[in-house]
Amino acid sequence: MIEQMDAPLAPLTTLRLGGPARRLVTAETDAEVVATVRAADRAGEPLLVIGGGSNLVISDAGFPGTVLRIATTGFTLDGALLELAAGEVWSDAVARTVDAGLAGIEFLAGIPGSAGATPVQNVGAYGQEVAETITEVVAFDRLLDETVTLAGSDCAFSYRHSRFKADPDRYVVLRVRFRLADEGGLSSPVKYAEVARSLGVEAEQRVKLAEAHAEVLRLRAGKGMVLDPADHDTWSAGSFFTNPVLTDAQFADFTAKVGELKAPGYPAGEGRTKTSAAWLIDNAGFRKGHGAGPATLSTKHTLALTNRGSATTEDLLALAREVRDGVRAAFGVDLVNEPVMVGVSL
Ligand SMILES: Cc1cc2nc3c(=O)[nH]c(=O)nc-3n(C[C@H](O)[C@H](O)[C@H](O)COP(=O)(O)OP(=O)(O)OC[C@H]3O[C@@H](n4cnc5c(N)ncnc54)[C@H](O)[C@@H]3O)c2cc1C
């Protein structure tokens, strides 16, 4: 276990933003994680758990308590059953399952961050999300003061949400278990039109696992969605806004406002339609690269807000508010941030 006082947090986030932690603890075993959480809770000390810092917007003032960085390791395959320690690097774990010939998380290639954070917002991309393969999450329950095992079906997974996100001060994820599938070297069915097109197949077809993995990485890199320290378009928290899910009445209002333009709409369960945040931002007049200051929209992807090198968290939030307010004025739709805000709000 490593402990530092007054530790800068910006280098631990992909946005490279945020002030210092009063105390930073890096834990390398589950026992160290649990001991740190228990000690902070008993002392009434504010606690912030971080993995890869790829979905966090931390205040310029920093964090006035203990920041626990989870750096545990453990990758175990038993047939098609995978167990990952929370600190495992997600994209490396995905690559290893593809090498092992297993399907189930191959379209989630290149997503930054730790395995332990994947259930928190039910990480998803290109037609796949972890809710489909997670069987169990082992977590320290701060309310019960004990380690619990939650079945995937008890995690209340929905679009970029879960019981962990709904109750952020309760669970610290220690291990995540997945059921993958041996499809004879083939991928899960291709769900996402853009991936199917670029692979030259029909939707629902399977392709070679390695091909699916490589194609997703190629598509993501083209949008600045694979970390590259030399490329400021990747100094982001990924998509900054979730795709709005509208009720039938809200969608009808919205399409009336849109008029001539054709707004995207995808079924999102009974009486609900999901539309595209990127489309809203673009059509409200915020183009790729928008912004004159040190925080701008990515030049490769409208949905990513980026730090060009010298931004502060306040610069980033000013840009986020400008975009949110512009979309509300143009279309009457409220955009909601995807990254977790620490000590700040939109
Ligand atoms: C370039 C880029 C592309 C991205 N693309 C995608 C994408 O395609 N799809 C997608 O879903 N997301 C995407 N993201 C967002 C992000 O990568 C994911 O949300 C990721 O799972 C966050 O992992 P992390 O370890 O970095 O979490 P952190 O940013 O460190 O933490 C995020 C939240 O999870 C909590 N947390 C972290 N670890 C634990 C734990 N062990 N137990 C309990 N709580 C924990 C934190 O307290 C915080 O609330 C992208 C981000 C970037 C920068």
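Just follow the structure's listing: the first ligand is 1, and inside any ligand the first atom is 1. Bear in mind that the values here come from a model prediction, so they are computed numbers and not experimental data.
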Atoms in ligand 1 with a heavy atom of [X] nearer than 4.0 Å:
X    : result
T14  : 53 (C)
A237 : 51 (C), 52 (C), 53 (C)
S236 : 1 (C), 53 (C)
Q121 : 10 (C), 11 (O), 12 (N), 15 (C), 18 (C), 19 (O)
Y171 : 43 (C)
V172 : 42 (N), 43 (C)
A125 : 8 (O)
V340 : 33 (C), 48 (C), 49 (O)

Backbone, side chain, both or neither: what part of [X] comes under 4.0 angstrom of ligand 1, heavy atoms only?
X    : result
R160 : side chain
N55  : both
V49  : both
I70  : side chain
W90  : neither
P112 : both

Side chains of Y171 and V120: closer than 4.5 Å at any heavy-atom pair?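 No, every pair of side-chain atoms sits at 4.5 Å or beyond.
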
Any side-chain heavy-atom pair from T133 and R179 closer than 4.5 angstrom?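 When only atoms from C-beta onward are counted, R179 and T133 do not touch, as no gap falls below 4.5 Å.
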
Of all the non-hydrogen atoms in the protein, which one sits nearest to atom 21 (O) of ligand 1, and at what distance?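 I find the closest protein heavy atom is V123 CG2, 3.2 Å.
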
Might you work through the salt bridge (Lys or Arg N to Asp or Glu O under 4.0 Å) test for E194 and K223, ending with a clear yes or no? CA-CA 13 Å; E194 184 188 12; K223 296 176 190 167; 2.9 Å; yes

Given the rule that I, L, V, M, F, W and Y join up when any side-chain heavy atoms are under 4.5 Å apart, are V130 and F107 in one cluster?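 In one cluster with V130: F107, no.
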
Where is the tightest heavy-atom contact between V195 and L219, given as atom of each residue plus distance?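 Heavy atoms of V195 and L219 come nearest at CG2-CD1, 3.9 Å.
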
On a heavy-atom basis, I'd like to know which of [options] is closest to [atom].
atom                    : options               : value
atom 14 (N) of ligand 1 : I50, I111, L12        : I111
atom 2 (C) of ligand 1  : G238, G113, A27       : G238
atom 27 (O) of ligand 1 : A117, G87, P119, A109 : A117
atom 8 (O) of ligand 1  : R220, M225, K223      : R220
atom 43 (C) of ligand 1 : V57, D233, V173       : V173

More than 12 heavy atoms of other residues, nucleotides or ligands under 6.0 Å from OH of Y192: yes or no?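 No, because the 6.0 Å sphere around OH of Y192 holds 12 heavy atoms or fewer from other groups.
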
Would you give the length of the straight line joining atom CG of L246 to atom CZ of F331, rounded to the nearest 0.5 angstrom?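 Separation between the atoms: 12.0 Å.
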
In Å and rounded to the nearest 0.5 Å, what is the CG to CD distance from L108 to E106?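 It is 8.0 Å, given to the nearest 0.5 Å.
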
Evaluate E88 against R175 for salt bridge (Lys or Arg N to Asp or Glu O under 4.0 Å), listing each step before the verdict. CA-CA 9 Å; E88 282 289 325; R175 274 154 203 279; over 6 Å; no

W279 vs F254 aromatic rings, parallel, tilted or perpendicular, using cut-offs 30° and 60°?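 Perpendicular: the ring planes of W279 and F254 meet at over 60°.
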
If we ignore angles and hydrogens, is there a donor and acceptor under 3.5 Å between the side chains of T299 and D233?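 A donor-acceptor contact under 3.5 Å links the two side chains.
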
Is the terminal nitrogen or CZ of K274 (NZ for Lys, CZ for Arg) located under 6.0 angstrom from the six-membered ring centre of Y159 and within 45° of that ring's axis?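 Judged by the rule, K274 and Y159 form a cation-pi pair.
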
V120: heavy atom below 4.0 Å from ligand 1, yes or no?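 Per 4.0 Å heavy-atom rule, V120 contacts ligand 1.
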
